[in-house]
*Asks:* 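Quick one: the structure is below, questions incoming.
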Amino acid sequence: MDYQALAELLYPSVQHDCDYYEAKYPERNLPEGAKVLRFAPSPTGYLHLGGVYQVMCDERLAHLSGGVFMLRIEDTDSKRELADGIRVITDGISKFGIQIDEGMTPDGEKGAYGPYRQSQRAEIYHTFAKKLVAEGKAYPCFCNEERLSAMRAEQEAKKVNPGYYGEYAACRDLSLEEVKAHLDNGDKFVLRFRACPTGERPEFTDCVRGRIDVPENDVDMVLIKSDGIPVYHFAHVVDDHLMRTTHVVRGEEWLATLPLHVQLFDAMGWKRPEYIHTATIMKIDNGGKRKLSKRKDPEAAVEYFFTEGYPREALIDYLLMLLNSNYEEWRAANPDASYEAFPYSVEKMSNSGCLFDFNKLYDISKNVISRMDAKTAYASSTLWSANYDAEWHSLFTADPEKAIAILSIGRGGEKPRKDIGLWKELPAYAGFFFEERFDPDYSPLLGYDKADVEKVLAEYSALYQPEDDQTTWFGRIKELAVSLGYAPDTKTWKKNKESYKGHAGDVSMFLRVAVTGRTNSPDLCEVMRILGKEKVAERLEKAASYIKEKE
RNA sequence: GGCCCGUUGGUCAAGCGGCUAAGACACCGCCCUUUCACGGCGGUAACAGGAGUUCGAUUCUCCUACGGGUCACCA
């Protein structure tokens with residue numbers, strides 16, 4: 001068989017030889033130890049949480065080592081592709097504040113190793129495919145779908161492994177004339193890899209799993225589809241070689257095809273990259289674990305978390321915590337440090353799949369938000385509201401000074417309040433500060449002595465001094481309480497419950513319900529100061545008239 | 001079904017031949033407290049099962065069970 005002639009026959013229009021591309025994409029000139037990684041998603045219309053999980057790993061390893069993080073788009077399957085696919089991915093990544101050094105970025109394509117969209121690399125793939133054919137390592141296959149399914153049926157009946165191999169590989173030894181006849185006939189072909197089993201089990205190492213022991217591949221897998229576009233396996237090998245990728249981070253579902261990839265690297269005569277197969281993020285479903293899926297789980301798409309109002313720092317913390325087992329400990333010791341200061345390492349990566357834990361994320365998010373200063377919190381919350389709650393946004397941003405004052409309550413200091421885990425909760429938490437959202441529930445007032453409640457509501461306005469400090473402020477309430485026969489504090493009251501109607505806390509509760517419209521609120525003294533004397537008086541009257549109506 | 005990978009409390013996990021088997025989240029109790037949110041203290045709860053190696057196995061080996069993945073002209 002004249003393989004050279006076959007190669008010419010199959011790929012007559014290939015312009016360059018392989019050396020041309022080797023020269024065009026030279027070894028990168030990077031410092032010792034610098035890693036080159038890529039995130040390589042398909043543009044199917046959304047960014048998967050598991051994708052960001054990998055992005056974090058890629059980005060950390062690249063940037064911590066002084067290397068390169070690139071984004072390559074694997075758009076070799078036009079059937080699954082979505083129009084906005086690439087933008088959704090680049091936007092999603094930039095929402096995490098992650099810098100893409102090379103490839104598809106929010107500002108367009110950049111870098112010297114492109115194009116970075118596989119659909120635009122056909123010429124490159126064909127060049128290397130031609131070489132494989134010329135060396136007898138790949139061959140055209142004209143089997144149609146019918147033929148292949150007949151083959152599978154037969155294999156199933158015989159209970160042998162399915163696939164195009166050995167005696168089933170009908171087109172493996174087609175003569176040059178037969179190929180020519182097919183081509184003259186206008187038949188489409190796929191290019192198949194000629195697997196040559198050696199009978200030995202290949203051995204290779206995965207950075208997180210260590211030695212992996214699998215049987216070698218003996219199937220003549222498709223390398224290039226009949227439309228001339230390669231399948232993932234071939235594109236992966238060619239691209240990661242030419243882009244000089246040093247570490248391939250991908251989901252563990254790729255472990256199964258690793259033997260093929262190893263064979264391909266060997267067939268091309270290339271050094272293979274290091275592999276890091278990540279564990280899968282799963283969720284509980286009907287008592288069983290399963291992979292997060294786009295169709296069933298809204299939280300599979302990162303957009304969901306932004307809609308809910310999780311700050312990106314919280315998502316990053318959560319993902320890094322899953323990715324590196326010692327991250328949580330580091331974070332506890334360095335609560336205010338940027339995640340970029342964390343010494344991320346491949347050694348600390350987990351190799352077993354984990355369940356997505358909303359409780360944990362929520363807790364992390366609560367901590368992240370509580371640690372923000374008021375201005376940062378304002379910026380973070382309005383970033384959310386601008387996109388996902390326009391009505392609240394205009395209300396909250398109408399007076400930024402007021403908004404920041406609201407967010408300042410209980411913030412800073414050793415033990416900041418942790419009221420909010422998601423920005424989505426902010427309107428419910430702070431709504432009462434705005435007349436438009438003030439929807440009071442006065443009913444708890446009915447549980448107290450009516451005359452006392454009325455008296456407090458009537459008299460407090462005159463007592464209230466906005467300039468009072470915390471202690472003075474509460475002192476006035478105490479005085480009022482005592483004058484009505486309430487104990488000045490809980491301790492006194494507990495010692496002698498019979499002598500008092502209640503304690504000062506009860507009286508402040510009257511005020512709390514009247515002013516905020518609910519039984520719990522952040523510090524009432526601060527709340528009143530933000531509302532102002534006038535508004536406080538107005539609300540006390542409103543509550544008083546409610547009580548009156550209830551007669 | 002074949003082949004891979006995995007298995008420490010409900011969840012995430014430390015551990016890398018000898019420990020009363022960490023910690024975090026969740027849950028429960030107590031304390032603090034003008035409500036709430038914090039914070040403090042304490043509690044419930046785990047090495048999948050069985051062989052073997054060893055003076056000694058959570059740690060090493062094998063088997064079983066269970067879970068996950070993969071067997072496309074999808075990635």
Side-chain angles (χ1 to χ4, degrees), chain A residues 40-42 44 74-77 79-80 118 141 143-145 148-149 152 156 159-164 188-192 206 209 212-215 219 221-233 235-236 250-259 277 279-280 282 284 288-291 318 321-322 325-329 331-332 348 350-364 366 370 409-410 413-420 429 444 470 473-474 477-478 481 488-491 503-509 511-513 516 518-525:
Chain A
S42 292
T44 51
E74 311 229 317
D75 53 352
T76 55
D77 184 13
K79 287 183 292 272
R80 302 199 317 165
Q118 292 183 332
C141 165
C143 294
N144 56 21
E145 214 165 298
L148 292 176
S149 53
R152 266 186 288 262
E156 204 170 317
K159 301 207 165 153
V160 296
N161 290 339
Y164 204 85
K188 295 263 187 188
F189 69 92
V190 299
L191 193 73
R192 283 186 186 274
D206 175 274
R209 280 154 216 274
I212 309 225
D213 182 43
V214 285
V219 176
M221 297 294 287
V222 170
L223 262 23
I224 296 191
K225 297 180 276 188
S226 56
D227 60 3
I229 302 291
V231 294
Y232 172 84
H233 311 295
H236 152 55
R250 45 152 59 156
E252 63 183 335
E253 64 271 21
W254 291 109
L255 229 31
T257 46
L258 196 44
H277 288 93
T280 314
M282 293 175 289
I284 290 278
K289 285 189 201 174
R290 67 167 171 73
K291 209 171 149 178
Y318 180 63
M321 198 196 78
L322 292 181
S325 56
N326 55 333
Y327 184 78
E328 195 173 10
E329 194 185 333
R331 173 53 80 202
K348 291 289 184 181
S350 167
N351 59 0
S352 55
C354 60
L355 248 28
F356 188 84
D357 187 350
F358 266 105
N359 272 326
K360 189 80 181 186
L361 205 215
Y362 186 78
D363 180 70
I364 288 173
K366 234 166 142 175
S370 78
I409 303 177
E414 284 296 292
K415 296 185 278 187
R417 293 186 64 90
K418 297 181 180 176
D419 298 290
I420 293 173
Y429 167 74
Q470 182 75 236
W473 173 86
F474 194 57
I477 292 177
K478 270 189 191 173
D489 53 68
T490 344
K491 269 186 192 138
H503 54 88
D506 293 322
V507 174
S508 52
M509 182 56 83
L511 295 170
R512 184 184 316 281
V513 172
T516 69
R518 53 196 210 198
T519 54
N520 58 64
S521 76
D523 185 75
L524 193 54
C525 176

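Here is the naming used below: chain letters follow the sequence lines, and residue numbers restart at 1 for every chain.
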*Asks:* Show the distances under 3.5 angstrom between N or O atoms of the protein and N or O atoms of nucleotides 5-7 of chain B.
*Replies:*
unit_1 : atom_1 : unit_2    : atom_2 : d
C5(B)  : O2'    : Arg209(A) : NH1    : 2.5

*Asks:* Please work out if Ser42(A) contacts a base, only the sugar-phosphate, or nothing of the nucleic acid, heavy-atom cut-off 4.0 Å.
*Replies:*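 Result for Ser42(A) = sugar-phosphate.
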
*Asks:* For Arg192(A), what residues pass the salt bridge (charged side-chain N to carboxylate O under 4.0 Å, His left out) criterion, not counting sequence neighbours?
*Replies:*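 In terms of salt bridge (charged side-chain N to carboxylate O under 4.0 Å, His left out), with neighbours along the sequence ignored, Arg192(A) is linked to no residue.
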
*Asks:* Expressed as a whole number of Å, how far does the P atom of G40(B) sit from that of G23(B)?
*Replies:*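 Nearest-Å result for G40(B) against G23(B) at atom P: 14 Å.
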
*Asks:* Less than 4.0 angstrom from a charged side-chain N to a carboxylate O is my criterion; do Glu329(A) and Lys348(A) meet it?
*Replies:*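 Salt bridge absent between Glu329(A) and Lys348(A).
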
*Asks:* Looking at C12(B), I'd like to know if its phosphate oxygens (OP1 or OP2) sit under 4.0 Å from a side-chain N or O belonging to Lys289(A).
*Replies:*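 No, outside the criterion.
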
*Asks:* Could you grab the distance from atom CD of Glu145(A) to atom CZ of Arg152(A), nearest 0.5 Å is fine?
*Replies:*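 It comes to 8.0 Å.
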
*Asks:* Do Lys360(A) side-chain and A26(B) base share a donor-acceptor contact under 3.5 Å?
*Replies:*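 Checked by distance alone, the answer is no.
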
*Asks:* Tell me, do Arg331(A) and Met321(A) make a side-chain contact under 4.5 Å, heavy atoms counted?
*Replies:*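 A side-chain contact is absent here, since even the closest heavy-atom pair is not under 4.5 Å.
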
*Asks:* Got a list of protein N/O to nucleotides 60-64 of chain B N/O distances below 3.5 Å?
*Replies:*
none

*Asks:* Considering only atom P, compute the distance from U54(B) to C12(B) and round it to an integer number of Å.
*Replies:*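 Here U54(B) and C12(B) have their P atoms 36 Å from each other.
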
*Asks:* Please identify each residue that fulfils salt bridge (charged side-chain N to carboxylate O under 4.0 Å, His left out) with Lys366(A), with sequence neighbours left out.
*Replies:*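 Testing Lys366(A) for salt bridge (charged side-chain N to carboxylate O under 4.0 Å, His left out), a comparison that skips the adjacent residues, returns none.
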
*Asks:* Could you tell me whether the side chain of Ser42(A) and the main chain of Thr44(A) form a donor-acceptor pair under 3.5 Å?
*Replies:*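 Answer holds: no.
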
*Asks:* Any chance you could encode RNA chain B as dot-bracket? Rule is Watson-Crick or G-U wobble with both distances under 3.5 Å; [ ] for pairs crossing earlier ones, | for another strand.
*Replies:* ((((((((.[[[..)..(....]]].(((((.......)))))....[[[[[..)....]]]]])))))))....

*Asks:* Just how far is it from atom CZ of Arg417(A) to atom CG of Asp523(A), taken to the nearest 0.5 Å?
*Replies:*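 Spacing of CZ (Arg417(A)) from CG (Asp523(A)) equals 8.0 Å.
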
*Asks:* Kindly compute the distance separating CG (Asp363(A)) from CZ (Phe358(A)), expressed to the nearest 0.5 Å.
*Replies:*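 Going from the CG atom of Asp363(A) to the CZ atom of Phe358(A) covers 14.5 Å.
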
*Asks:* Whole Å only: how far is the CD1 atom of Ile284(A) from the P atom of A26(B)?
*Replies:*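 Going from CD1 in Ile284(A) over to P in A26(B) covers 18 Å.
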
*Asks:* Check whether Tyr318(A) reaches the backbone of Asp357(A) with its side chain - one donor and one acceptor, N or O, closer than 3.5 Å.
*Replies:*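 Yes.
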
*Asks:* With RNA chain B as reference, determine whether Glu328(A) or Glu145(A) sits nearer its 5' end, using the nearest nucleotide of each.
*Replies:*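 Of the two residues, Glu328(A) wins.
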
*Asks:* How close or far is atom P of C25(B) from atom CZ of Arg331(A), stated in whole angstroms?
*Replies:*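 One finds 15 Å between P of C25(B) and CZ of Arg331(A), rounded.
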
*Asks:* Once you round it to whole Å, what is the distance between P of A72(B) and CD of Glu253(A)?
*Replies:*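 Atom-to-atom, Glu253(A) to A72(B), this comes out as 16 Å.
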
*Asks:* Using the P atom as the point on both nucleotides, what is the distance between U11(B) and G49(B), in whole Å?
*Replies:*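 That atom pair is separated by 15 Å.
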
*Asks:* From CD of Glu156(A) over to P of G1(B), roughly how many Å is that when rounded to an integer?
*Replies:*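 After rounding, the reported distance stands at 14 Å.
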
*Asks:* Identify whether any heavy atom of Ser370(A) sits under 4.0 Å from a base atom; if not, whether one sits that close to sugar-phosphate; answer base, sugar-phosphate or nothing.
*Replies:*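 Answer is nothing: Ser370(A) stays at 4.0 Å or more from every strand.
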
*Asks:* Rounding to a whole Å, what distance do you find between Asp363(A):CG and G23(B):C1'?
*Replies:*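 Distance, rounded to whole Å: 13 Å.
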
*Asks:* Return a single string for nucleotides 32-40 of chain B, one symbol per nucleotide in 5' to 3' order, where B is base contact, S is sugar-phosphate-only contact and - is none, cutoff 4.0 angstrom on heavy atoms.
*Replies:* -SBBBBSS-

*Asks:* Taking CH2 from Trp254(A) and P from A75(B), how many angstroms apart are they, rounded to a whole number?
*Replies:*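 Distance, rounded to whole Å: 7 Å.
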
*Asks:* Taking the side chain as every heavy atom from C-beta outward, state whether Thr519(A) and Val513(A) have any pair of such atoms under 4.5 Å apart.
*Replies:*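 They are in contact (side-chain heavy atoms under 4.5 Å apart), so the answer is yes.
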
*Asks:* Would you indicate whether the side-chain heavy atoms of Leu258(A) and His277(A) approach each other to under 4.5 Å?
*Replies:*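 Yes; the side chains approach each other to less than 4.5 Å.
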
*Asks:* Measuring to OP1 and OP2 of A14(B), would you say a side-chain N or O of Ser325(A) lies under 4.0 angstrom away?
*Replies:*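 Ser325(A) to A14(B) OP1/OP2: side-chain N or O found under 4.0 Å.
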
*Asks:* Quick one: which of A75(B), A13(B), C12(B) gets closest to the side chain of Val231(A)?
*Replies:*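 Within the option list, the nearest is A75(B).
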
*Asks:* Going from SG on Cys354(A) to CG on Leu322(A), what distance comes out if it is rounded to the nearest 0.5 angstrom?
*Replies:*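 One finds 4.5 Å between SG of Cys354(A) and CG of Leu322(A).
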
*Asks:* Atom CE in Met509(A), atom CD1 in Ile477(A): separation rounded to 0.5 Å?
*Replies:*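 So the CE of Met509(A) and the CD1 of Ile477(A) are separated by 11.5 Å.
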
*Asks:* Where the side chain of His233(A) is defined as all heavy atoms beyond and including C-beta, which of G15(B), A75(B), C12(B) is the nearest nucleotide?
*Replies:*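 Looking only at heavy atoms from C-beta outward on His233(A), the closest nucleotide is A75(B).
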
*Asks:* From CD1 of Ile364(A) over to C1' of A24(B), roughly how many Å is that when rounded to an integer?
*Replies:*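 Ile364(A) atom CD1 is separated from A24(B) atom C1' by 9 Å.
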
*Asks:* For the side chain of Arg80(A), starting at C-beta, report the closest nucleotide among A13(B), C74(B), C73(B).
*Replies:*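 Output: C74(B).
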
*Asks:* For Val190(A), answer base if it contacts any base atom (sugar-phosphate contacts may also be present), sugar-phosphate if it contacts only those atoms, and nothing otherwise; contact means non-hydrogen atoms under 4.0 Å.
*Replies:*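 Base contact.
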
*Asks:* Please report the distance, rounded to the nearest Å, between CD1 in Ile229(A) and C1' in C73(B).
*Replies:*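 That distance rounds to 12 Å.
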
*Asks:* Could you give the distance separating G17(B) and G56(B) at their C1' atoms, to the nearest angstrom?
*Replies:*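 The same atom, C1', in both gives a distance of 7 Å.
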
*Asks:* Measure the shortest side-chain to side-chain distance between Leu255(A) and Arg209(A) over non-hydrogen atoms and say whether it is less than 4.5 angstrom.
*Replies:*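 Yes. Closest side-chain heavy atoms under 4.5 Å.
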
*Asks:* Please state the P separation for the pair A21(B) and U64(B) - nearest whole angstrom.
*Replies:*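 After rounding to an integer number of Å, I get 31 Å for this pair.
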
*Asks:* Any chance you could measure Arg290(A), atom CZ, to Ile284(A), atom CD1, to the nearest 0.5 Å?
*Replies:*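 So the CZ of Arg290(A) and the CD1 of Ile284(A) are separated by 10.0 Å.
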
*Asks:* Heavy atoms under 4.0 Å, any strand shown: does Thr76(A) hit a base, just sugar-phosphate, or nothing?
*Replies:*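 Contact class for Thr76(A): sugar-phosphate only.
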
*Asks:* Under a 4.5 Å cut-off applied to non-hydrogen side-chain atoms, are Asp206(A) and Glu252(A) in contact?
*Replies:*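 Contact flag for Asp206(A)/Glu252(A) side chains = no.
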
